[in-house]
Amino acid sequence: MARDTNFTKAVKELLGSEASGTDPETSASEVPFSSGYASSPEAGTESPNSGYSRPSGGGATPPTPPPPPVVPHDWTAASMPPDVTYITRDTIVTGSITSRSHVQMEGQMTGDIASAQDVRITGKVDGNVEGSSIMLNDGAVVGDLSGKSEVTVDSTAVVIGNISADTFDADGRVKGSLKVNNSVALKSNAIIFGNITASSLNVQDGAVIRGNVQVISSRGEEGDPFALGRKGGWELEG
């Protein structure tokens, strides 16, 4: 009787397992869990489509963060203009650059630079440079500089070419003529080999000028300041 009961029970379990499509000898705890991967990743390996890796000690290690963005040499992250044409130090450019944005040149270039905004040069340029303002900070230019507002040459910068600007401030070396609408300020380390034309000139002790200097003011344009006559207290005999 017990044998019939066990047989009947086995048949029912067999029929129930065939209806469900599972192996009667496989328990629910033995059914493998599908995680979406072809195989479970082992310790120390990366999971597919994931930026995380499974360490041997368990848990997840976040991916390595990207390096911080490179900030141009003359502008800090807070003051850097939103649009800058940035030429890095390891870049060599052959050809001209025309930009509506600011230009930061830290590499080497053979060609002209024309910008509607400011130009900062810490590299080397063999060509003419034009911009709203031009600053050479430890840079070198073989070519003419044309700044709509100001041109600045610091103590470690070199310019071989003519310079035109509204104002000019130099503590470096310039071999070429200066034509400035307003003021020229030469600091103690400045060396100028060329003629200077400006409306005012400020020269510190130690600065060197080798060339002609013309300081043009409206005072000297009102007639002949050296004319002799009654107004000056002099009267020439006829």
Side-chain angles (χ1 to χ4, degrees), residues 72-75 79-89 91-187 189-203 207-218 221:
H73 182 73
D74 293 322
W75 285 303
S79 64
M80 185 175 66
D83 297 326
V84 177
T85 301
Y86 181 37
I87 310 300
T88 59
R89 292 175 180 150
T91 302
I92 299 176
V93 178
T94 301
S96 300
I97 294 177
T98 302
S99 177
R100 297 179 181 177
S101 62
H102 303 273
V103 175
Q104 175 82 11
M105 168 58 71
E106 296 188 1
Q108 300 182 28
M109 178 175 178
T110 301
D112 300 336
I113 297 177
S115 172
Q117 303 296 328
D118 300 333
V119 179
R120 302 290 184 267
I121 299 174
T122 61
K124 298 180 180 179
V125 177
D126 187 357
N128 301 325
V129 180
E130 179 181 352
S132 178
S133 69
I134 302 173
M135 175 183 289
L136 269 72
N137 183 9
D138 194 24
V141 174
V142 179
D144 297 339
L145 305 183
S146 177
K148 293 181 181 179
S149 57
E150 62 179 348
V151 172
T152 303
V153 179
D154 80 345
S155 59
T156 56
V158 178
V159 177
I160 301 178
N162 300 323
I163 297 176
S164 61
D166 191 57
T167 61
F168 178 72
D169 190 322
D171 198 24
R173 292 164 289 173
V174 176
K175 186 177 182 180
S177 298
L178 308 180
K179 186 175 182 180
V180 181
N181 295 329
N182 290 310
S183 63
V184 170
L186 302 180
K187 298 180 180 179
N189 293 320
I191 300 176
I192 309 297
F193 283 9
N195 300 329
I196 299 175
T197 303
S199 61
S200 68
L201 178 63
N202 186 352
V203 182
V208 175
I209 301 175
R210 184 178 295 179
N212 298 323
V213 176
Q214 289 188 354
V215 179
I216 300 175
S217 174
S218 59
E221 297 177 355

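The first residue in the sequence is number 1, and the count goes up from there. Nothing here was measured: the structure is a model prediction, and the numbers come from that model.
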From S133 atom OG to D166 atom CG, the distance as rounded to the nearest 0.5 Å: 11.5 Å
Distance from I87 atom CD1 to I97 atom CD1, nearest 0.5 Å? 4.0 Å
Residues 170-178 side chain polar contacts: donor-acceptor under 3.5 Å, at least two apart:
| unit_1 | atom_1 | unit_2 | atom_2 | d |
| --- | --- | --- | --- | --- |
| D171 | OD1 | N189 | N | 2.9 |

Could you measure the distance from the OH atom of Y86 to the CD atom of Q104? Nearest 0.5 Å is fine. 6.5 Å
If you compare all heavy atoms of N195 against all heavy atoms of N212, which two are closest, and at what distance to 0.1 Å? OD1-N, 2.8 Å
Under 3.5 Å, which donor-acceptor pairs link side chains of residues 147-158 to any protein atom two or more places apart or in another chain?
| unit_1 | atom_1 | unit_2 | atom_2 | d |
| --- | --- | --- | --- | --- |
| S149 | OG | S132 | O | 2.7 |
| D154 | OD1 | D138 | N | 3.2 |
| D154 | OD1 | T156 | N | 3.3 |
| D154 | OD1 | T156 | OG1 | 3.4 |
| D154 | OD1 | A157 | N | 3.2 |
| D154 | OD2 | D138 | N | 3.3 |
| T156 | OG1 | D138 | N | 3.4 |
| T156 | OG1 | D138 | OD1 | 3.3 |

Residues M109 and G95: closest non-hydrogen pair is CE-O, 2.9 Å
Could you measure the distance from the CD atom of E106 to the OG1 atom of T122? Nearest 0.5 Å is fine. 4.0 Å
All heavy atoms of D118 vs all of R120, minimum pair found to be CB-NH1, 3.4 Å
Keeping the roles fixed (side chain from N128, backbone from D144), state whether a donor-acceptor pair exists under 3.5 Å. yes
Residues Q117 and R100: closest non-hydrogen pair is CG-O, 3.2 Å
If you round to the nearest 0.5 Å, how far is CG of N202 from NZ of K187? 10.5 Å
Atom of I209, atom of V203 and distance for their closest heavy-atom approach: CD1-CG2, 4.1 Å
Please list, chain by chain and in numerical order, all residues satisfying side chain to side chain contact (heavy atoms under 4.5 Å, CB included) with S199, sequence neighbours excluded. N182
Please determine whether side chain to side chain donor-acceptor pair (under 3.5 Å) holds for the pair T167 and S183, giving the CA-CA distance in whole Å, both sets of side-chain angles, and the decisive distance to 0.1 Å. CA-CA 5 Å; T167 61; S183 63; 5.3 Å; no
Pairwise side-chain contact, V103 with V129, heavy-atom cut-off 4.5 Å (strictly under): no
For the residue pair S101 / T85, report whether a side-chain donor-acceptor contact shorter than 3.5 Å exists. yes
Calculate, to the nearest 0.5 Å, the distance between atoms CG and CG belonging to L186 and L201 respectively. 6.0 Å
